[in-house]
Novice: 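Take this structure first; my questions come after.
In what follows, every chain begins at residue 1, and chains take the letters A, B, ... in the order their sequences are listed.
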Number of protein chains: 2
Amino acid sequence: MANSRDDVLNTALGILRRYGLADLSMRRVAAELNVQPSALYWHFANKQALLTALADTVLAGVTPRSARTRWDRRLERLAGDLRAALLAVTDGAELVSAGQAGGLSTAAIGGYLTEAARQGGLSERDAGAVRTAIWQLVIGLTIEQQTRAQMERLGAAAPSDRDFDREFADGLGLVLDGARHRAGQNGNTPNVEFTYLVGPGFGGVG
Amino acid sequence: MANSRDDVLNTALGILRRYGLADLSMRRVAAELNVQPSALYWHFANKQALLTALADTVLAGVTPRSARTRWDRRLERLAGDLRAALLAVTDGAELVSAGQAGGLSTAAIGGYLTEAARQGGLSERDAGAVRTAIWQLVIGLTIEQQTRAQMERLGAAAPSDRDFDREFADGLGLVLDGARHRAGQNGNTPNVEFTYLVGPGFGGVG
DNA sequence: ACCTGAACACCGTTCAAGT
DNA sequence: ACCTGAACACCGTTCAAGT
């Protein structure tokens with residue numbers, strides 16, 4: 001006994017990884033900690049707060065990796081990293097979507113996206129549009145993928161023939177095309193440092 | 001007594017409109033119908049089936065209105081109509097997202113989007129990317145808006161200063177820019193019948 | 001064709017009280 | 001600082017039985 005807030009968080013993360021969001025109940029977390037359900041409310045005001053903290057944990061590693069990279073490539077990588085982080089945990093996308101209210105990481109990542117777009121010469125407003133389109137694409141498509149995966153795992157649906165990685169790449173490519181088009185119209189010369197791109201430490205996303 | 005499947009559907013829709021998705025339980029639907037909860041399972045195999053049918057109802061009115069309109073304008077209108085249909089019911093976007101598995105209207109609308117993009121001269125693959133990007137943008141952003149609205153209604157959040165209509169228009173504009181860019185690259189001449197556009201029966205979305 | 005009654009196995013949350 | 005015990009007000013679903 002005498003569990004810390006982090007113990008609760010880690011136990012919850014374990015249930016999420018092993019069984020998914022539907023099985024992540026306060027009672028179940030408490031049971032795994034050998035504690036009464038009411039004990040959890042000393043650490044978290046309610047389940048929503050736990051989910052938000054959990055979402056922040058899942059997104060903690062998503063951060064811009066290099067400012068030397070061309071702005072559109074940075075957008076591409078941020079989107080890929082975000083998607084990879086969501087896919088790393090069962091129902092990760094649904095969790096982030098549900099825990100969005102008050103989340104810190106979620107706001108930070110939005111900031112990175114906007115920042116990269118601005119470096120391409122986009123107006124604040126256009127940069128916001130880029131952030132919105134990319135965020136919703138990543139979250140929404142990954143929710144669909146993970147929901148399908150869970151249904152298949154439970155035998156509630158036949159394996160789908162959809163290629164979500166491809167759908168993601170195609171959708172993202174389209175949005176980036178729109179972004180580059182906007183960049184070109186602003187009369188700005190976006191930084192074209194793509195020759196710096198080759199080298200160690202620039203591994204792809206998956 | 002002696003309720004039809006449609007009675008169940010209408011009662012559920014009423015609860016949704018008045019209280020939102022969180023209050024839409026099988027037991028509550030049954031109570032409003034003056035019936036035991038178990039009675040509902042004669043009409044629907046489970047709650048998921050009810051939600052899917054409900055989602056189809058909400059989306060029933062979303063249909064392409066004119067083939068005479070320019071392809072990109074048709075995409076814009078479809079997206080706007082979809083968004084309007086979701087906004088017409090409390091938590092409509094969340095409902096459609098949750099009831100997606102097996103939904104008919106949802107597949108139909110995806111088809112309309114793809115079709116419009118193809119008429120712009122886009123390849124099957126590019127048209128799919130357009131459908132994906134638009135669908136996720138509309139659903140995701142509307143979920144955020146309606147979730148916020150519900151939290152404000154319950155006093156769980158201060159009124160937000162976000163302008164969701166503007167965020168939607170900006171995001172959509174960006175995606176459409178990408179689509180037009182792809183259309184231009186294909187060497188096809190997209191139909192430019194925009195001169196036919198003016199006239200009665202072409203009211204906007206809101 | 002449609003519903004009851006009763007049960008099963010769960011939920012989130014509160015709150016006084018304990019150590 | 002952290003937890004118990006007990007309660008409140010709920011869930012979705014099944015299934016034999018009724019009319």
Novice: Are the side chains of R180(B) and W71(B) in contact, using a 4.5 Å heavy-atom criterion?
Specialist: yes
Novice: Which one of T52(B), L82(B), L51(B), L86(B) satisfies the side chain to side chain contact (heavy atoms under 4.5 Å, CB included) criterion with V96(B)?
Specialist: L86(B)
Novice: Rounding to the closest angstrom, what is the interatomic distance between dC3(C) and dA16(D) at atom C1'?
Specialist: 13 Å
Novice: Show, in sequence, the C-alpha distance, side-chain angles and deciding distance for Q145(A) and R83(A), and conclude whether the side chain to side chain donor-acceptor pair (under 3.5 Å) test is met.
Specialist: CA-CA 11 Å; Q145(A) 177 174 3; R83(A) 180 166 154 82; 2.9 Å; yes
Novice: Distance to the ring centre below 6.0 angstrom and angle to the axis at most 45 degrees; does that hold for R28(A) and Y19(A)?
Specialist: yes
Novice: Want to know the stems of DNA chain D: at least 3 consecutive Watson-Crick or G-U pairs with distances under 3.5 Å, which are they?
Specialist: C:4-8 with D:12-16, C:12-16 with D:4-8
Novice: Going by the salt bridge (Lys or Arg N to Asp or Glu O under 4.0 Å) test, name the single residue among R118(A), R131(A), R182(A) that passes it with E124(A).
Specialist: R118(A)
Novice: Looking at every non-hydrogen atom in both residues, tell me the closest pair between R5(B) and A53(B) and how far apart they are.
Specialist: NH2-CB, 3.7 Å
Novice: What string of B, S and - do you get for nucleotides 12-19 of chain C, 5' to 3', if B is base contact, S is sugar-phosphate-only contact and - is no contact with any protein heavy atom under 4.0 Å?
Specialist: BBBB----
Novice: If you measure from the C1' atom in dC11(C) to the same atom in dA7(D), how many Å do you get, rounded?
Specialist: 14 Å
Novice: For V8(B), which of L13(B), L33(B), L54(B) qualifies under side chain to side chain contact (heavy atoms under 4.5 Å, CB included)?
Specialist: L33(B)
Novice: Please state the C1' separation for the pair dC10(C) and dA9(D) - nearest whole angstrom.
Specialist: 14 Å
Novice: Take atom CG of L40(A) and atom C1' of dC11(C), then tell me their distance rounded to the nearest Å.
Specialist: 13 Å
Novice: Nearest-Å distance, NE2 (H43(B)) to C1' (dA1(C))?
Specialist: 9 Å
Novice: Can you check the distance between dC2(C) and dA17(D), where both ends of the measurement are the P atom (answer in whole Å)?
Specialist: 22 Å
